[in-house]
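Below you'll find the structure, written out as structure tokens, and then a few comments.
Only heavy atoms go into these numbers, but all of them, side chains included; no hydrogens, no water, no symmetry mates.
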Amino acid sequence: MPPKSETQPASSTAKTQFSDPSDDYSIDPIFHILRVLPFSFLRPPKLRLKIPTVTLPSAMTVFSLILLTYFMVVSGIVYDVIVEPPGIGSTQDRFTGAVKPVVFLPGRVNGQYIIEGLSSGFMFVLGGIGIVLLDLATDKNREKSVKVSFASAGIVFVVIAYVMSMLFIRIKIPAYLR
């Protein structure tokens, strides 16, 4: 069998493969009437619409929104909305009978008070900011004193976040890692 001839014009093959539904020819006469009749006595208005310009937010705005979203997620906002736990708990002292406030819900890993979630989320965000500061300390275009300040603040933030998070876990679960 001889090979097919490739001398067909490109416009005819494109028209047969991809037919545009807005072409002028159609078999249906009602379609033709609906397309032509309204425009015989109606005239579309000439509108001068301006395309709205949307400017991109700055990098700090995006970073702040992502950091706020991260804080809300790790703080357990979804849990707080669904379960509606109290803001802070209370317990009665066995010896004096006085009522003391309790920030951490003891013994329950999958439960929390609102203030517990917020304080834990703040520690996670503090550690994340510390890592960002450590990253900024590696920039070659900054002065040495600024790099040292960023590095020292980043190390302090990460250490505080780690120590406080471990303290929170030990308060929540007394026999953790012992």
Side-chain angles (χ1 to χ4, degrees), residues 14 17-22 45 47-178:
Q17 287 178 355
F18 306 106
S19 62
D20 188 12
S22 65
L47 300 175
R48 291 185 219 165
L49 298 175
K50 293 183 180 179
I51 297 175
T53 58
V54 178
T55 59
L56 293 176
S58 67
M60 261 333 265
T61 304
V62 172
F63 174 73
S64 300
L65 288 174
I66 289 174
L67 194 66
L68 179 69
T69 305
Y70 175 70
F71 172 74
M72 291 173 63
V73 167
V74 298
S75 293
I77 296 293
V78 175
Y79 172 83
D80 292 342
V81 167
I82 292 172
V83 177
E84 296 178 5
I88 195 165
S90 62
T91 184
Q92 190 170 13
D93 191 6
R94 287 184 288 180
F95 302 111
T96 62
V99 177
K100 293 181 180 179
V102 177
V103 176
F104 293 94
L105 186 61
R108 285 191 54 204
V109 181
N110 58 351
Q112 71 178 18
Y113 294 127
I114 293 174
I115 197 73
E116 174 185 355
L118 293 176
S119 57
S120 298
F122 177 74
M123 287 302 137
F124 293 147
V125 168
L126 186 69
I129 289 174
I131 291 173
V132 169
L133 288 175
L134 287 172
D135 180 52
L136 289 175
T138 61
D139 190 10
K140 295 179 181 177
N141 297 329
R142 298 193 191 276
E143 294 180 18
K144 186 174 182 177
S145 63
V146 174
K147 290 187 340 184
V148 168
S149 299
F150 280 161
S152 59
I155 290 171
V156 167
F157 284 1
V158 168
V159 167
I160 288 174
Y162 175 76
V163 168
M164 292 302 290
S165 295
M166 290 306 291
L167 178 70
F168 291 170
I169 289 175
R170 287 196 179 125
I171 291 171
K172 186 124 177 115
I173 309 166
Y176 183 71
L177 292 179
R178 291 191 192 213

Counting heavy atoms not belonging to F71, are there more than 12 under 6.0 Å from its CZ? yes
Side-chain donor or acceptor of Q112 paired with backbone N/O of S75 under 3.5 Å: yes
I need the D80 CG to Y113 OH distance, nearest 0.5 Å. 12.5 Å
Any residue meeting salt bridge (Lys or Arg N to Asp or Glu O under 4.0 Å) with R170, in chain and number order, not counting sequence neighbours: none
Does K100 have any salt bridge (Lys or Arg N to Asp or Glu O under 4.0 Å) partners at least two apart in sequence or in another chain, and if so, which? D93
For I129 and L67, run side chain to side chain contact (heavy atoms under 4.5 Å, CB included): C-alpha distance rounded to whole Å, both residues' side-chain angles, the deciding distance at 0.1 Å, then the answer. CA-CA 9 Å; I129 289 174; L67 194 66; 4.0 Å; yes
Tell me the closest heavy-atom pair linking K147 and K140, and the distance in Å. NZ-CA, 4.5 Å
Heavy-atom count check: over 12 atoms from other residues, nucleotides or ligands less than 6.0 Å from L47 CG? yes
Looking at T138, D139, V132, which one forms a side-chain contact (heavy atoms from CB on, under 4.5 Å) with D135? T138
Do other residues, nucleotides or ligands put more than 12 heavy atoms under 6.0 Å from F157 CZ? no
Looking only at heavy atoms, what is the nearest atom pair of P85 and I114, with distance? O-CD1, 3.5 Å
Tell me, please, which residues at least two apart from T61 pass side-chain hydrogen bond (donor to acceptor under 3.5 Å, both in side chains). S58
